[in-house]
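Note that the structure is predicted; figures quoted are calculated from it, not measured. Letters go in sequence order (proteins before strands), and every chain restarts at 1.
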2 protein chains.
Amino acid sequence: MSTGTTQHTYTIKEASALTGLPASTLRYYESIGVIAPIPRGASSKHRMYDEDDLDQLLWIACLAATGMAVSDMRKYVANGQRGPSAASEQIELLTVQQQRLAIEAEQVALRQRYVRIKLDFWHATEAGDTERAELLSGEARVLADELKQIKK
Amino acid sequence: MSTGTTQHTYTIKEASALTGLPASTLRYYESIGVIAPIPRGASSKHRMYDEDDLDQLLWIACLAATGMAVSDMRKYVANGQRGPSAASEQIELLTVQQQRLAIEAEQVALRQRYVRIKLDFWHATEAGDTERAELLSGEARVLADELKQIKK
DNA sequence: GCTTTGACTTCAAGTACTTGAAGTTCCTAC
DNA sequence: GTAGGAACTTCAAGTACTTGAAGTCAAAGC
């Protein structure tokens with residue numbers, strides 16, 4: 001991205017929300033040298049991320065999502081790599097990430113349904129409605145299969 | 001479930017394939033008491049899983065997928081053994097999971113929007129539409145600001 | 001029966017974070 | 001401008017697995 005003249009900065013929490021990497025992970029990656037030290041506020045110790053940092057973090061998040069070991073990420077970044085520079089490469093990277101997020105959203109929705117059913121099951125059990133409880137435990141099984149399928 | 005007369009047994013590798021939990025994780029869960037010790041072969045130390053074990057593991061895999069802590073899984077499984085009397089405790093554990101998943105869904109949605117903006121930016125850049133690209137480069141900051149507003 | 005190959009075993013150490021404590025710093029509100 | 005709370009900081013310890021080493025067991029081929 002890098003307009004160079006960007007004056008916008010982001011807190012660690014914002015960087016976390018946009019990239020999907022927990023704040024604790026951002027600090028961790030910095031501490032072990034996966035990313036360069038982030039500049040701090042004028043009179044504080046608080047990290048201030050700019051657009052370029054966010055771009056790099058999004059790239060790192062993609063690498064992490066593919067299961068790359070941190071030692072390998074470190075090597076990549078140490079070799080001066082800050083992510084793809086060409087538009088076409090960025091588009092390719094981000095398109096894959098978009099697909100990953102779509103799958104993740106689907107998975108979360110499915111897990112929500114699973115927990116919902118289990119909750120209903122225990123509510124029915126609590127109320128002594130054995131018939132409904134049995135029906136629900138069957139549904140949970142079907143869903144468990146679905147959950148397993150998507151994972152692959 | 002559980003005819004009681006089941007003859008068929010499974011190796012740890014088969015159990016792993018069927019439940020989606022790595023063999024190392026199956027041993028780990030057993031070692032820390034998330035699941036009861038699995039019976040071993042007549043003249044060996046090899047674990048032999050039966051259908052009931054697989055049912056339990058499948059459903060533990062679902063709990064793990066929702067991000068439940070192993071200490072809570074242990075409680076949950078122990079409660080399950082206790083039957084209907086544990087209903088209120090199970091409901092409590094699952095309600096926490098439900099809330100966690102609702103937050104996660106929101107977070108994924110935000111990240112999807114962020115990636116969408118980045119993708120649009122690069123498409124505009126590739127097409128030489130500098131005006132649109134510049135407009136979009138400010139959008140990320142708007143998204144981060146929105147994050148703060150939502151909380152209040 | 002014997003041997004080899006490969007899957008299994010335990011246990012210790014490693015990995016990638018995550019959480020908690022204790023102490024700053026920023027922001028909002030009076 | 002100052003009081004209070006939320007958000008940040010570091011650092012140490014904890015968590016949830018995973019991997020590797022060294023040894024045991026089982027099915028297949030000779």
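Regarding Ile35(A), its CD1 atom lies at a distance of 16 Å from the P atom of dA16(C), rounded to whole Å. Summarising the geometry, the separation between CG on Leu21(B) and P on dA16(D) is reported as 14 Å, rounded to the nearest angstrom.
Contact annotation: Thr25(B) reaches the phosphate of dT18(D) (side-chain N/O to OP1 or OP2, under 4.0 Å). Here Tyr29(A) reaches the OP1 or OP2 of dC17(C): one of its side-chain N or O atoms lies under 4.0 Å away. Close to dT9(D), at under 4.0 Å from its OP1 or OP2, lies no side-chain N or O of Ser44(A).
With sequence neighbours excluded, the residues that form a ring pair (Phe, Tyr, Trp, His ring centres under 6.0 Å) with Tyr10(B) are His8(B).
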- Item | Contact state string [nucleotides 8-15 of chain C, B base, S sugar-phosphate only, - no protein heavy atom under 4.0 Å] | SBB-----

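Met48(A) and Gly41(A) get closest at one heavy-atom pair: SD-CA, 3.1 Å.
Among the atoms of the strands shown, base atoms are found under 4.0 Å from some heavy atom of Ser24(A).
Enclosure of atom CD in Glu134(A) is not indicated, since only 12 or fewer non-hydrogen atoms of other residues, nucleotides or ligands lie within 6.0 angstrom.
A side-chain N or O of Gln107(A) and one of Arg111(A) form a donor-acceptor pair less than 3.5 Å apart.
If you find the closest nucleotide of DNA chain C to Met73(A) and to Ala42(A), the one lying nearer the 5' end belongs to Met73(A).
Side-chain contact between Val77(B) and Ile35(B) is absent, with no heavy-atom pair separated by less than 4.5 Å.
Between Trp59(B) and Tyr114(A), the gap from one ring centroid to the other reaches at least 6.0 Å.
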